[in-house]
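Below is one structure, written out as structure tokens; the observations come after it.
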Amino acid sequence: MIRVLFFGPVAERVGKSEVQVVFKAGMRLLDVREQLQVKYPAAFEIVCFTAVNGEHVLDMSLPLTEHSDVVFMSKFSGG
Amino acid sequence: MIRVLFFGPVAERVGKSEVQVVFKAGMRLLDVREQLQVKYPAAFEIVCFTAVNGEHVLDMSLPLTEHSDVVFMSKFSGG
Amino acid sequence: MKDAVRIQLEDFSQDEEIAALRASSKRMGGIATFIGCARDFSEGREVTQISFDAYGSMAVGEMNKLRDEATKKFALLGVRIVHRVGVVGAGEQIVFVAAGAEHRAPALQACQWLIDELKQRVPIWKKEITPQGEAWLTPHP
Amino acid sequence: MKDAVRIQLEDFSQDEEIAALRASSKRMGGIATFIGCARDFSEGREVTQISFDAYGSMAVGEMNKLRDEATKKFALLGVRIVHRVGVVGAGEQIVFVAAGAEHRAPALQACQWLIDELKQRVPIWKKEITPQGEAWLTPHP
């Protein structure tokens, strides 16, 4: 399983703060994004940043491993 | 009388923190400075700023009035 | 001793943070700090409270990276970063950044850099709670 | 309530100063502060204490002018300036400057401006006390 987390405004638009995506061999970050974008289009409108296991990731072709934590995030507004 | 005050390194070189100068009609700031500079040359080597009654003064031709407070100061080093 | 970099629900004390910062070095000649507060007014709306959501582990990870980068970039002797989460009332403190260096210029530059970068990089989100309802804040580009 | 601008023998508390500053406005979104500390080392010499002499009335007058000028220049909501005189031990606090504004950029700019101007304009002098003797500090141009 891939654990996908949502926070703040994205979590509000998704309606929950966590979903599970079944891991498949060869899966890339963009596969997870595409799968969820179809389900939660309003949430993904405001997604700007992606993190895998707590690190910013720009390259959507990044291969995922089983049990990865993926987070799709809107612009930060802390501070 | 004109009261002349010294602080910090200037007071150390003068050897005191206050002297009195007899007021004369028509007296200007530069008259006081010249009179004291002759007496305390080492102190006046490091004088950079002058204040009259608590205000910075650049114009040495400023006429003084009886009971003025005059201060000859070295570069500030607070903060 | 509290961690130099942390997120927490409760308020923080500048005196405590500065004392902890100064304990690390007597070579520190200058300390610059920034405190962000919850304003009671934002873009024409009255704001009574601000609620924060954070991706906690990544937020602390990014804040630690900021600390390490600033320490190298500005030759700092100490850095502290504290960000509150949960609900904060109008007028309350939200974030604290402190940079200590031998001289004042790098301390002041580092403080500004730290708060600017924190806003760009640290996964924390702010919801404004007004008498008319709640709204996640959309940062300006 | 202590004066917002003052010179004093005793140490100061950031918590107290920040609380007093914040009491003046709930519109304050950012507070930048600078604290100058007595270093235990200066230009290769060990320093055990620093002694300050001040032209008190003019120093406070100039500090109040700095406060007024900064308030106008940076549209500040509050300013506090505290400078210690007398003898300060190595590692102790010397000076505190705080600027509060609606947003962070003017607060940070004002804080830097205030400490830079204070050093240029406020008649206070510093004597370093070392194991080898005492010496008035000559500021670099």
Side-chain angles (χ1 to χ4, degrees), chain A residues 1-21 23 28-30 32-33 35-37 39-60 62-79, chain C residues 6-8 33-39 42-43 47 50-66 81-86 88 93-97 111-129 133-141:
Chain A
M1 283 294 188
I2 303 287
R3 189 169 72 143
V4 183
L5 303 173
F6 305 111
F7 295 94
V10 177
E12 188 178 71
R13 290 182 180 210
V14 170
K16 49 191 148 187
S17 59
E18 186 175 336
V19 300
Q20 306 274 345
V21 171
F23 175 74
R28 288 167 187 276
L29 186 50
L30 57 85
V32 174
R33 188 182 64 183
Q35 193 174 322
L36 293 171
Q37 200 156 12
K39 240 173 139 175
Y40 308 110
F44 277 80
E45 268 173 22
I46 58 168
V47 166
C48 286
F49 307 114
T50 306
V52 175
N53 299 326
E55 299 287 337
H56 282 290
V57 172
L58 293 172
D59 179 5
M60 285 294 136
L62 182 83
L64 296 178
T65 52
E66 177 65 308
H67 307 304
S68 296
D69 274 355
V70 174
V71 190
F72 296 105
M73 302 177 284
S74 63
K75 251 185 236 164
F76 311 140
S77 55
Chain C
R6 60 192 200 272
I7 57 176
Q8 63 184 33
T33 79
F34 178 80
I35 301 156
C37 301
R39 296 163 64 216
S42 169
E43 296 171 13
V47 177
I50 296 182
S51 161
F52 289 92
D53 195 12
Y55 179 15
S57 58
M58 183 176 169
V60 171
E62 288 292 317
M63 283 155 69
N64 272 304
K65 281 185 203 162
L66 290 180
I81 310 175
V82 184
H83 201 300
R84 288 177 69 191
V85 289
V88 170
Q93 310 188 114
I94 295 168
V95 63
F96 177 82
V97 168
C111 181
Q112 171 134 30
W113 184 86
L114 281 164
I115 187 67
D116 287 349
E117 290 292 312
L118 181 147
K119 285 180 176 262
Q120 295 299 317
R121 292 206 233 165
V122 177
I124 299 181
W125 297 268
K126 184 185 277 169
K127 182 162 66 174
E128 292 178 343
I129 301 170
E134 304 182 357
W136 289 101
L137 192 125
T138 312
H140 299 288

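Keep in mind that this is a model prediction, so the values were computed, not measured. Note on naming: letters A, B, ... go to the chains in the order of the sequence lines (proteins, then strands), and numbering restarts at 1 for each one.
The part of C/A54 that comes within reach of chain A is its backbone (N, CA, C, O), which places non-hydrogen atoms under 4.5 angstrom from that chain. Contacts between A/L5 and chain C at a heavy-atom distance below 4.5 Å involve the side chain alone, from C-beta outward. For a residue to count as touching a neighbouring chain, one of its non-hydrogen atoms must lie under 4.5 Å from one of that chain's; by this rule A/S74 touches chain C with backbone and side chain alike.
Looking only at side-chain heavy atoms (C-beta outward), A/E55 and C/M58 stay at 4.5 Å or farther from each other.
Using the six-membered ring where Trp is involved, A/F7 and C/Y55 have ring planes that are parallel, under 30° apart on the 30 and 60° scheme.
Contact count versus chain A (heavy atoms, under 4.5 Å) is highest, among C/V95, C/V122, C/V85, for C/V122. When A/S77, A/G54, A/G78 are compared by the number of non-hydrogen pairs under 4.5 Å with chain C, A/S77 comes out ahead.
Taking CD1 of C/I124 as the start and CE of A/M73 as the end, the distance is 12.0 Å to the nearest 0.5 Å. Note: A/F49 CZ to C/Q120 CD = 7.0 Å, rounded to the nearest 0.5 Å. From A/E12, atom CD reaches atom NZ of C/K127 across 6.0 Å, with rounding to the nearest 0.5 Å. In this structure, the separation between NZ on C/K119 and CZ on A/F76 is 13.5 Å, given to the nearest 0.5 Å.
Remark: side-chain polar atoms of C/W125 are not paired, donor with acceptor, to backbone N or O of A/V10 under 3.5 angstrom.
C/I94 and A/G79 get closest at one heavy-atom pair: CG2-O, 4.1 Å.
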